Trainee: 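Supplied in structure tokens, the structure appears directly below.
These figures come from a predicted structure and were not determined experimentally.
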Amino acid sequence: MKLSAKYQPLTLAEVVGQAGPIRRLQKFVQAPESRCILLEGPGGVGKSAAAKALVHDMGICPYSGLIEYSAANLKIDEVRHLFGHPVEGRERSHALHMRPMSGSPWHLLVIEEMELLPSREVVPLLKDELSEQHLPPRLIVVATSNDASGLDEALMQRFDVFPFSAGPSFADACLDRLNWIWQLEVGMDVPLPSHVAGMGWRNNAYSMRRALAALGAAVEMHLAGREVAVA
């Protein structure tokens with residue numbers, strides 16, 4: 001199992017290096033409302049992890065209350081169907097307007113990489129459906145974006161933006177987590193390889209995803225070497 005999956009944060013409190021947006025999300029969990037949230041920042045800073053942790057902390061059932069899409073695959077018929085419009089060949093859906101069958105009374109719609117929306121078709125419809133007048137009363141929309149600067153301005157007005165850091169403070173928090181994972185995987189008597197932390201940097205932005213990939217390779221090499229030594 002990849003380390004990124006094995007040590008995936010379960011709760012918002014476990015998401016590292018993003019104290020500001022995580023505090024805002026935790027306050028939101030305490031008093032949820034129908035709302036659109038955009039988690040923005042470079043890849044590997046914990047946006048998707050925070051969205052998954054929000055599902056857990058709100059008690060949302062992943063089978064009846066969670067809907068996930070990659071923005072690139074969100075076609076106009078999918079949007080129309082989600083919000084209860086008639087679509088040829090499908091039964092009309094009212095799921096987002098009804099209470100989920102179990103767990104939290106909220107639906108959570110997660111849209112990953114909003115900058116990849118097929119804008120000519122989908123953006124105008126999303127702008128209408130996510131407006132204050134039309135947003136279903138039991139729906140929370142959480143979108144992620146590596147760079148929202150190119151998104152339609154009117155669509156962006158529907159979202160509260162939560163900026164995620166990729167700078168030195170985030171890198172320091174990641175290093176603490178990397179050391180912790182390394183000790184769990186190989187033992188406390190072996191120092192973390194010096195190159196691992198640096199592997200997370202690219203173009204002045206730090207990625208925990210890249211650092212974990214480097215850590216996973218280092219763990220495999222260490223364990224393989226230990227097996228050879230024992231043999």
Side-chain angles (χ1 to χ4, degrees), residues 1-2 4-12 14-15 18 21-22 24-26 28-29 32-85 87 90-119 121-123 125-127 129-130 134-148 151 155-156 158-162 164 208-209:
M1 178 186 293
K2 290 184 177 180
S4 57
K6 185 175 181 180
Y7 294 100
Q8 173 82 30
L10 178 62
T11 70
L12 288 168
E14 295 175 1
V15 178
Q18 305 295 348
I22 293 303
R24 290 176 65 189
L25 288 171
Q26 288 172 327
F28 178 75
V29 170
E33 59 183 352
S34 188
R35 188 173 173 188
C36 298
I37 294 170
L38 179 67
L39 311 180
E40 183 186 19
V45 296
K47 303 185 302 294
S48 296
K52 290 180 173 63
L54 184 64
V55 174
H56 174 275
D57 286 4
M58 290 195 64
I60 291 173
C61 175
Y63 305 107
S64 65
L66 174 64
I67 303 170
E68 298 178 276
Y69 278 98
S70 168
N73 298 326
L74 190 56
K75 308 304 182 185
I76 192 165
D77 279 354
E78 294 293 341
V79 178
R80 294 180 62 82
H81 183 67
L82 277 172
F83 289 93
H85 297 286
V87 175
R90 296 191 186 187
E91 293 185 8
R92 190 163 182 167
S93 171
H94 298 280
L96 294 182
H97 296 267
M98 299 173 64
R99 183 188 177 107
M101 292 186 297
S102 60
S104 166
W106 294 93
H107 287 283
L108 186 66
L109 172 61
V110 177
I111 306 175
E112 295 276 8
E113 298 185 302
M114 278 279 282
E115 67 273 15
L116 300 181
L117 280 172
S119 59
E121 293 184 336
V122 173
V123 168
L125 183 56
L126 271 181
K127 283 192 293 189
E129 297 298 342
L130 300 183
H134 294 158
L135 191 67
R138 297 185 184 275
L139 177 63
I140 298 164
V141 180
V142 176
T144 70
S145 178
N146 293 341
D147 181 3
L151 286 172
L155 178 61
M156 283 292 294
R158 274 56 171 167
F159 288 86
D160 292 323
V161 180
F162 288 53
F164 276 55
M208 184 60 158
R209 186 184 303 120

Trainee: Which distance, rounded to the nearest 0.5 Å, do you find between the CG of L139 and the CG of L130?
Mentor: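 Spacing of CG (L139) from CG (L130) equals 7.5 Å.
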Trainee: Where is the tightest heavy-atom contact between F162 and P21, given as atom of each residue plus distance?
Mentor: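 Reported closest heavy-atom pair: CD2-O, 3.8 Å.
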Trainee: What distance separates L74 CG from E121 CD, expressed to the nearest 0.5 Å?
Mentor: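 Atom-to-atom, L74:CG and E121:CD are 10.5 Å apart.
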Trainee: Shortest non-hydrogen contact from M114 to L155?
Mentor: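 Minimum heavy-atom separation between M114 and L155: CE-CD2, 3.8 Å.
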Trainee: State, to 0.1 Å, how close P136 and F83 come at their nearest heavy-atom pair, and which atoms those are.
Mentor: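 Heavy atoms of P136 and F83 come nearest at CD-CE2, 3.9 Å.
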Trainee: When rounded to the nearest 0.5 angstrom, what is the spacing between CD in E33 and CD1 in I140?
Mentor: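 Going from CD on E33 over to CD1 on I140, the span is 8.5 Å.
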Trainee: Within a strict 4.5 Å, meaning less than it, do heavy atoms of the F28 and R35 side chains meet?
Mentor: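 Contact flag for F28/R35 side chains = yes.
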Trainee: Between W106 and P100, what is the shortest heavy-atom contact and its length?
Mentor: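 Minimum heavy-atom contact is O-CG, 3.5 Å.
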Trainee: If you measure from SG on C36 to CG on D160, what distance do you get to the nearest 0.5 Å?
Mentor: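 Here the rounded value is 8.5 Å.
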Trainee: With rounding to the nearest 0.5 Å, note down the distance linking CG in L82 to NE2 in H107.
Mentor: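 Atom-to-atom, L82:CG and H107:NE2 are 10.5 Å apart.
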Trainee: Identify every side-chain donor-acceptor pair in residues 38-65 under 3.5 Å, counting partners at least two apart or on other chains, and give the distances.
Mentor:
residue, atom, partner, partner atom, Å
E40, OE2, A148, N, 2.9
K47, NZ, G41, O, 2.9
K47, NZ, P42, O, 2.9
K47, NZ, N146, OD1, 3.2
S48, OG, E112, OE1, 2.9
S48, OG, E112, OE2, 2.9
D57, OD2, L12, N, 3.1

Trainee: Please enumerate all residues that pass side-chain hydrogen bond (donor to acceptor under 3.5 Å, both in side chains) together with D147, with sequence neighbours excluded.
Mentor: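 Partners of D147 under the side-chain hydrogen bond (donor to acceptor under 3.5 Å, both in side chains) test: S149.
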Trainee: Could you tell me if the side chain of F159 sits less than 4.5 Å from the side chain of L151, heavy atoms only?
Mentor: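 Not touching, per the 4.5 Å side-chain cut-off.
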Trainee: side-chain hydrogen bond (donor to acceptor under 3.5 Å, both in side chains) with E78: which residues, sequence neighbours excluded?
Mentor: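 By the side-chain hydrogen bond (donor to acceptor under 3.5 Å, both in side chains) rule, E78 matches Y69, R90.
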Trainee: Keeping the roles fixed (side chain from S145, backbone from E113), state whether a donor-acceptor pair exists under 3.5 Å.
Mentor: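 No, the answer is negative, given that no donor and acceptor are paired below the 3.5 Å cut-off.
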Trainee: So which atom in P118 and which in A72 form the shortest heavy-atom distance, rounded to 0.1 Å?
Mentor: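 That would be CD-O, 4.4 Å.
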Trainee: Could you tell me whether the side chain of L25 reaches within less than 4.5 Å of the side chain of I37, counting heavy atoms only?
Mentor: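 Yes; the side chains approach each other to less than 4.5 Å.
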